[in-house]
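Please read these numbers as outputs of a predicted model, since none were measured by experiment. One-based numbering, in listed order, for ligands and for the atoms of each.
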Amino acid sequence: MKALQYRTIGAAPEVVTVPDPEPGPGQVLLKVTAAGVCHSDVAVMSRPTDDLPYPLPLTLGHEGVGTVAALGAGVTGLSEGDAVAVYGPWGCGTCAKCAEGKENYCLRATDLGIMPPGLGSPGSMAEYMIVDDPRHLVPLDGLDPVAAVPLTDAGLTPYHAIKRSLPKLAAGSTAVVIGAGGLGHVAVQLLRAMTPARVIALDVAEDKLELARAVGAHEAVLSDAAAAGTVRQLTGGNGAQAVFDFVGAEPTVRTAAAVAGVEADIAIVGIGGAALPVGFGLLPFEVSVTAPYWGTRAELIEVLALARSGAVSVHTETFSLDDAPVAYERLHAGTVNGRAVILPNG
Ligand code: NAD
Ligand code: ZN
Ligand code: ZN
């Protein structure tokens, strides 16, 4: 079968032919319908040799949906042809965090060498993929595969971050979304669907600001040195109650700190690597800063339900598997609006 692999440190990913995978006991073989292109992959492919935690070659793709093609020995509860989404942050299934459905925070994944598809294990940018356990599949139940696939990360990750801050986002509150890309433009919609907050989106690109407005942002502000002042003004000087930074670089975490109000939540979701110092007098009183990772299985089910209700609609652009390297180039260049989605089986 064909697969998109990151094979050489620093080089572009390549479309190659690899052996057809076969499901072992307890595993599920999926025929991949759609695979989402995440900026985290760009970050992975920018890491130097001594800083790459995954073995190469790596079949990319940590957002995947497909149809069940074959069941490994002992797998029950699924049938061939079932349309499913992959829950990506695989855990052990038995530790205290996994027992809560928080496989994204599995306490044993590292020790056991369990790695998510596309981030260590072979991912969804291939005609077929192996899912290690049927509990890592959620039925699509009528959702369009292309529209649904980004929800497994670009939907689930902001959903998880936003859910934690719901008590802060009462009527009259403000939520700030920094970076209106794949994750950010879904975050805007989730905030509108889940809270009465006023949503202010920031981005460096005018077309991303336009998309943010189109999907429900009340205000869209150019992310420059003046942005924090503008946001403060829009909040009557008090600042926002929650800030979601989908960039995580020096200038954006500084903006996040500058727009946060008293008791605000700041979630640094982007993996730009910048730090935000917390200490008395450094931030408004009782601001809490977190760096969340992905989301829980239950939250994926909730995000898909929200999409089924019509509250969230991901802006997508599709590419063939052969054109997947172009999708990554475009994402790197900042010219993907919404989420790029690869169709490995056409
Ligand atoms: P994307 O490229 O689709 O979106 C990033 C957006 O940020 C773009 O619209 C870009 O124009 C904008 N941007 C860049 N610099 C900016 C600045 N200074 N101010 C405001 N906006 C700016 O990327 P994505 O796939 O949505 O991923 C967003 C980030 O989240 C990446 O860092 C990715 O690695 C990370 N991520 C984290 C998790 C997690 O679990 N923590 C999960 C998925 C993705
Ligand atoms: Zn991702
Ligand atoms: Zn676990």
Side-chain angles (χ1 to χ4, degrees), residues 35-46 60-64 88-112 114 116-119 123-124 133 135 149-150 152-161 176-188 201-212 220-225 227-228 244-256 267-274 290-295 297 314-315 317 327-328 330-340:
V37 180
C38 180
H39 212 116
S40 296
D41 295 335
V42 174
V44 164
M45 292 187 281
S46 310
L60 294 167
H62 56 271
E63 290 181 347
W90 295 350
C92 72
T94 55
C95 74
K97 291 295 164 197
C98 285
E100 288 182 76
K102 298 177 179 171
E103 296 203 30
N104 50 323
Y105 297 147
C106 175
L107 302 171
R108 301 199 306 152
T110 307
D111 284 351
L112 295 174
I114 299 171
L119 296 166
S124 56
D133 191 294
R135 77 170 185 280
V149 73
T152 61
D153 176 18
L156 176 55
T157 302
Y159 184 85
H160 175 77
V176 175
V177 170
I178 304 177
L183 273 67
H185 92 288
V186 182
V188 168
L202 269 59
D203 204 292
V204 286
E206 195 47 54
D207 56 334
K208 311 288 165 75
L209 292 176
E210 229 168 83
L211 177 60
V221 176
L222 193 66
S223 182
D224 57 14
F244 304 95
D245 181 355
F246 296 104
V247 183
E250 272 309 322
T252 60
V253 300
R254 273 202 304 275
T255 300
I268 303 176
V269 181
I271 62 174
T290 54
Y293 172 62
W294 225 329
R297 284 175 59 208
V314 185
H315 197 275
E317 186 178 346
Y328 277 101
R330 293 258 318 272
L331 184 64
H332 192 47
T335 61
V336 171
N337 213 1
R339 200 64 154 178

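Using a 4.0 Å heavy-atom cutoff, Gly334 is absent from the residues neighbouring ligand 1. Heavy-atom separations between Ala180 and ligand 1 include at least one value shorter than 4.0 Å.
Atoms of ligand 1 found under 4.0 Å from any heavy atom of Ser223 (numbered from 1 in listed order, with element): 17 (C), 19 (N), 20 (C). In the vicinity of Tyr293, heavy-atom distances shorter than 4.0 Å reach the ligand 1 atoms 40 (O). Taking every non-hydrogen atom of Lys208 and a distance limit under 4.0 Å, the qualifying atoms of ligand 1 come out as 9 (O), 11 (O). Close contacts of ligand 1 with Ser40, meaning ligand atoms under 4.0 Å from a residue heavy atom, involve 33 (C), 34 (O), 35 (C), 36 (N), 43 (C), 44 (C). The Trp294 neighbourhood of ligand 1 comprises atoms 39 (C), 40 (O), with distances under 4.0 Å to a heavy atom of that residue.
At distances below 3.5 Å, not a single donor-acceptor pair connects side-chain atoms of Thr152 with backbone N or O atoms of Glu63. In this structure a side-chain-to-backbone donor-acceptor pair under 3.5 Å is missing from Arg339 to Gly182.
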Starting from the C-alpha separation in whole Å, work towards a yes-or-no answer on side chain to side chain contact (heavy atoms under 4.5 Å, CB included) for Val204 and Ser223. CA-CA 5 Å; Val204 286; Ser223 182; 4.1 Å; yes
Show the numbers, then the answer: is there a side chain to side chain contact (heavy atoms under 4.5 Å, CB included) between Val314 and His185? CA-CA 8 Å; Val314 185; His185 92 288; 3.7 Å; yes
Would Leu119 and Asp41 satisfy side chain to side chain contact (heavy atoms under 4.5 Å, CB included), going step by step from the backbone distance to the final call? CA-CA 8 Å; Leu119 296 166; Asp41 295 335; 4.2 Å; yes
Would you sort out whether Thr94 and Arg108 count as a side chain to side chain contact (heavy atoms under 4.5 Å, CB included), showing the intermediate values? CA-CA 9 Å; Thr94 55; Arg108 301 199 306 152; 3.1 Å; yes
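Neither the backbone nor the side chain of Pro251 has any atom closer than 4.0 Å to an atom of ligand 1 (non-hydrogen atoms only). By the criterion of a heavy-atom distance under 4.0 Å, neither the backbone nor the side chain of Ala249 is placed next to ligand 1. Using a 4.0 Å cut-off between heavy atoms, Val42 makes no contact with ligand 1 at all. The side chain of Asp153, and not its backbone, has at least one atom closer than 4.0 Å to an atom of ligand 1 (non-hydrogen atoms only; side chain from C-beta on). In His39, the parts holding a heavy atom less than 4.0 Å from any atom of ligand 1 are both the side chain and the backbone. Contact annotation: for Thr252 versus ligand 1, heavy atoms closer than 4.0 Å belong to the side chain alone. Here Thr157 has side-chain heavy atoms under 4.0 Å from ligand 1, and that is the only part of it that gets that close.
Here Cys38 contributes SG and Asp153 contributes OD2, and at the Zn ion (ligand 2) these two atoms make an angle of 110°, given to 10°. Between Cys106 atom SG and Cys98 atom SG, the angle centred on the Zn ion (ligand 3) amounts to 100° (nearest 10°).
Residue Ile271 has at least one N or O atom closer than 3.5 Å to an N or O atom of ligand 1. Inclusion of Gly182 in the set of residues having an N or O under 3.5 Å from an N or O of ligand 1 is warranted. Remark: ligand 1 and Leu331 share no N or O pair separated by less than 3.5 Å (distance only, no angle test). Polar contact with ligand 1: absent for Ala43 (N/O pair, distance under 3.5 Å). Considering backbone and side-chain N/O atoms, Pro292 comes within less than 3.5 Å of an N/O atom of ligand 1. Distances between N or O atoms of Asp203 and those of ligand 1 include at least one value under 3.5 Å.
To the nearest 0.5 Å, atom CD of residue Glu103 and atom CD1 of residue Ile114 are 8.0 Å apart. Summarising the geometry, atom CG belonging to Leu107 is positioned 10.5 Å from atom NZ belonging to Lys102; distances are rounded to the nearest 0.5 Å. With rounding to the nearest 0.5 Å, the separation of CG in Leu202 from CG in Leu222 is 8.0 Å. Taking CG of Leu183 as the reference point, atom CZ of Phe244 lies at 12.0 Å (rounded to 0.5 Å).
The Zn ion (ligand 2) has an N, O or S atom of His62 closer than 2.8 Å.
Protein heavy atom closest to atom 28 (C) of ligand 1, with residue, atom name and distance, is Phe246 O, 3.1 Å. Of all protein heavy atoms, the one lying nearest to atom 26 (O) of ligand 1 is Leu183 N, 2.8 Å. Nearest to atom 4 (O) of ligand 1 among the protein's heavy atoms is Gly181 CA, 3.3 Å. In terms of protein heavy-atom proximity, atom 37 (C) of ligand 1 is nearest to Val269 O, 3.1 Å. Counting only heavy atoms of the protein, atom 30 (O) of ligand 1 lies nearest to Gly270 CA, 3.5 Å. For atom 25 (O) of ligand 1, the nearest non-hydrogen atom of the protein is Arg339 NH1, 2.6 Å. Nearest to atom 13 (N) of ligand 1 among the protein's heavy atoms is Val247 CG2, 3.7 Å.
Closest of all the heavy-atom pairs between Pro117 and Trp90 is CD-CE2, 3.4 Å. Ala220 approaches Leu209 most closely through the heavy-atom pair CB-O, 3.7 Å. Across all non-hydrogen atoms, the minimal contact from Ala161 to Val269 is CB-CG2, 4.3 Å. In terms of heavy-atom proximity, Cys98 sits nearest to Cys92 at SG-N, 3.5 Å. Nearest heavy-atom pair across Trp294 and Asn104 is C-ND2, 3.9 Å.
Using the six-membered ring where Trp is involved, Tyr105 and Tyr293 have ring planes that are tilted, between 30° and 60° apart.
When Val204, Val186, Asp245, Thr255 are checked for heavy-atom proximity to atom 16 (C) of ligand 1, Val204 turns out nearest.
Using a 4.5 Å heavy-atom threshold, the side chains of Val336 and Val37 count as separate. Between Lys208 and Asn337, the closest side-chain pair of non-hydrogen atoms falls below 4.5 Å.
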